[in-house]
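Atom set for the values below is all heavy atoms of this structure, side chains included, hydrogens, waters and symmetry mates excluded. In the text below, chain A, chain B and the rest are named by the order of the sequence lines, each starting its count at 1. Only a predicted model underlies this, so the values are computations on that prediction, with no experimental measurement involved.
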Amino acid sequence: MKFDPRTKLIMVFSLSTLAVFVIDIYLLLVVLLISIVVSNYFKENWDFLKRTKKFITLLIGIVLIQSIFSPAGEILLSINNFTILTTGGLAKGIRVILRMLIIIISATIMTGSSPREIIQALIQWKVPYEIAFMVSLSIRFIPILGEEAKDAFTAIQLRGVEIDKLNLTKRIKIYSYMFMPVLSGVIHRAKELSTSLEARAFRAYPDRSSYIKLELARKDYLIMFVSTLFTISILGIYIIMG
Amino acid sequence: MSIVIKTEGLTFSYSEQEHNILDNLSMEVKKGEILAILGLSGSGKSTLCYCLSGIIPHVYSGKLSGEVRIDGHSTQEMDMTMIATKLGIVFQNPETQLFFPMVESELAFGPENLCIDRDEIKKRIDLTLDLLNIKEKRNEKTGHLSGGQKQLIALASVLTLKPKILIFDEVMSQIDEKGKNAIKDIILQLKKEGKTVIMVSHNLDNIDIADRIMTLKNGRLKRFEESL
Amino acid sequence: MKKAYRDNEAFIEIKDLTFSYKKSPVILNNVSISFYKSEITAIIGPNGSGKTTLGKLMSGILSSEQGSVFLEGTNIKGITLGNIGKKVGYLFQQPERQLFNPTVKEEIGFAHLFMGEPKDKVDKKVSKIIEELSLQGLENSSPYKISRGERQRVALAAILINEPSFLILDEPTTGLDMIKKDKLSEILKNLQQQNIGMVIISHDKSFIKSNADRTLEVSGGEINEV
């Protein structure tokens, strides 16, 4: 079943709103579970999860740092009087992780829609076309930017610069050299892009027509309604219960 | 035959430079012909393309004198939108001519800018894909295409603006043999459709389909005589 | 004589190499091939066939889990890029990606100065190379504000200061007109005489015809002699 990108945006928005406002760990877990189920229904694939593997160490790091700097509750682990893990700190860390996971996983709901559809969704929500278009254009060029930076980094090493043997200051200096080719690439591309945009009558008139048009079906309204209601009720309960 | 492009005393220099990259250049392009313009790097080929397509003076500025007339109208008096419906230009790098991940959205972009209605856009997309014989590419992601195919999509997305004149600025330089042949076939096809084609190149390899060859040297065009 | 040299000393040797990018089909399928210092080898093939990938594998920029690449008999995986660069020079298709300095002169000498070589020694090398690649007069220009052909020569000069014994050139004729191509041919012939081996990745038929001693075609995951 195909859903309107706007419906998906509402879902993402609802889930991430909950992720930000909910404090209770168990409830956060429930929200995460919902995100996984929903996103599993809408997703194209789970490849991105492989990439998030790399972040696991980072996440554990976050838990530890949270824990060390905001001790609370009972001490779980300490070395020489230096408190490392407390129940309160652990809870805080877990909360951060759950929130990040919810936001990341719910965002993948959007991967099923093409960027053109997402732009269209934003436009039909009265976001100016230029802004929506520019955002999607810059997203398209992220991989090329990455490739350029990679080539530059390789090239500088092939010049005989042994990055591993450098001390920190020299290493930072080397990284600063890499700005030059990357920046020049960006400027060059921007120039070419703007020329070809003009040649294709971009911004010819204040208005433009649209080949695709999104129309909300009954199921879209239903899902939007349910997600909004769900989010508002949970937040409502939260506020009432303090 | 009628003249679709005419320049008179076209002289141009970029603001940071002293010398005239185009110097009192006069030329005429006849309707329905394929004109090839040969020139070494730095001879001003791209600058000439920019002048013919109104990009100079509308996008890039510099010191411009003389005139370029498309269908009798001076490019200085028309805006880019009006020019874009008369004349389409395809550039060297396919990467910076594609703005969307999907072929179909790419082709729709130009007509959308002109506020053309949905049915007409669909008709134009169908026709263009048909003409270039790439119907099966309609819903493909442009990122998965080869350089030659990307260049074809760039051309297709210009064709949906229905220009009568097409300029190809070094379009084959980054493309393999197969891609070059495909583009050449299309150019011949466009000629059959009554379009006027100007192709610019720095070598002789790809201009065998031209009806007429000129060389650009020292800011002026001359008839081609065996070498540059 | 050339043949005898070839038989025993491959400069770069690829053995049973298989390579694919994530999620994509296999680009090179169990290929084995040797490259020799004594000759200019051309690698041809359609866009996307894996020519550049092969070049990047040969120079250790990319590596594969399956199969190996040997540089003068040593597995390239064990050599750092910094050390590979002293033996193999790699010219990218876009020379802009390997230029980092505000002037041509700084560009050519910068890595050596950075690694602590004395300035007078580096300067000497730089002037020698500037002359060799006829870059005189451009010493203080920005590498980004000169013509494409000149920019490519600057990138080449910055590679040659390392005195590599082998060069890999990725599509070196892109954007060069006939005269600039002849100039490049001349430079390459000169380098070959200095006993520098070369691989030219290109789809420029006429350039390959007049410059390469041997031509390999990459297609459908295989490499074949043409």
Side-chain angles (χ1 to χ4, degrees), chain A residues 2 5 44 110-124 129-148 184-215, chain B residues 46 49-50 53-56 58-60 79-125 139 141-143 154 157-161 163 167 169:
Chain A
K2 206 165 157 44
E44 287 226 300
M110 297 312 300
T111 57
S113 298
S114 85
R116 179 67 186 87
E117 284 174 331
I118 297 171
I119 296 185
Q120 190 60 27
L122 295 175
I123 296 164
Q124 292 188 307
Y129 179 78
E130 284 87 346
I131 292 174
F133 175 69
M134 288 307 167
V135 169
S136 98
L137 196 59
S138 31
I139 290 172
R140 192 175 103 63
F141 280 97
I142 289 173
I144 296 183
L145 208 66
E147 195 192 304
E148 276 176 353
S184 106
V186 169
I187 293 171
H188 186 71
R189 212 170 17 250
K191 228 173 152 181
E192 287 189 0
L193 275 169
S194 64
T195 314
S196 41
L197 271 173
E198 294 285 347
R200 299 257 294 275
F202 184 55
R203 290 200 299 190
Y205 306 108
D207 220 2
R208 71 197 293 282
S209 62
S210 165
Y211 178 55
I212 60 165
K213 192 180 171 196
L214 301 169
E215 265 168 272
Chain B
S46 287
C49 288
Y50 289 163
S53 58
I55 291 169
I56 292 174
H58 294 294
V59 184
Y60 295 147
D79 56 14
M80 275 310 283
T81 307
M82 198 168 164
I83 297 172
T85 57
K86 291 176 181 291
L87 180 147
I89 178 163
V90 184
F91 302 96
Q92 179 175 357
N93 183 0
E95 217 58 69
T96 48
Q97 297 174 76
L98 302 179
F99 314 124
F100 297 94
M102 296 292 233
V103 170
E104 193 182 46
S105 354
E106 199 61 60
L107 266 62
F109 180 74
E112 282 176 339
N113 289 332
L114 297 177
C115 293
I116 286 161
D117 71 66
R118 198 164 300 132
D119 296 334
E120 170 66 16
I121 295 179
K122 186 177 180 306
K123 230 176 13 196
R124 288 189 182 190
I125 293 176
N139 291 312
K141 289 190 175 157
T142 46
S157 58
V158 166
L159 286 176
T160 51
L161 289 165
I167 299 182
D169 184 4

Region of [X] in contact with chain A, defined by heavy-atom distances below 4.5 Å:
{"X": "S157(B)", "value": "both"}
{"X": "P163(B)", "value": "neither"}
{"X": "L114(B)", "value": "both"}
{"X": "Q92(B)", "value": "neither"}

**Asked** Can you check salt bridge (charged side-chain N to carboxylate O under 4.0 Å, His left out) on K213(A) and E112(B), steps first, answer last?
**Response** CA-CA 12 Å; K213(A) 192 180 171 196; E112(B) 282 176 339; over 6 Å; no
Within the structure provided, determine whether [X] and [Y] are in side-chain contact (heavy-atom separation under 4.5 Å).
{"X": "I121(B)", "Y": "S209(A)", "result": "yes"}
{"X": "L98(B)", "Y": "R140(A)", "result": "yes"}
{"X": "F100(B)", "Y": "I119(A)", "result": "yes"}

**N113(B) side, atom CG; D207(A) side, atom CG - distance, nearest 0.5 Å** = 11.0 Å
**Prompt:** Hey, which of V90(B), I89(B), I116(B), D79(B) has the most heavy atom pairs under 4.5 Å with chain A?
**Reply:** I116(B)
**Prompt:** For the residue pair F99(B) and F141(A), is the inter-centroid distance of their aromatic rings smaller than 6.0 Å?
**Reply:** no
**Prompt:** For the side chain of R118(B) and the backbone of Y211(A), is there at least one donor-acceptor N/O pair under 3.5 Å apart?
**Reply:** yes
**Request:** Taking heavy atoms only and a threshold strictly under 4.5 Å, list by residue number the residues of residues 195-203 of chain A that touch chain B; give 'none' if the list is empty.
**Result:** T195(A), S196(A), L197(A), E198(A), A199(A), R200(A), A201(A), F202(A), R203(A)
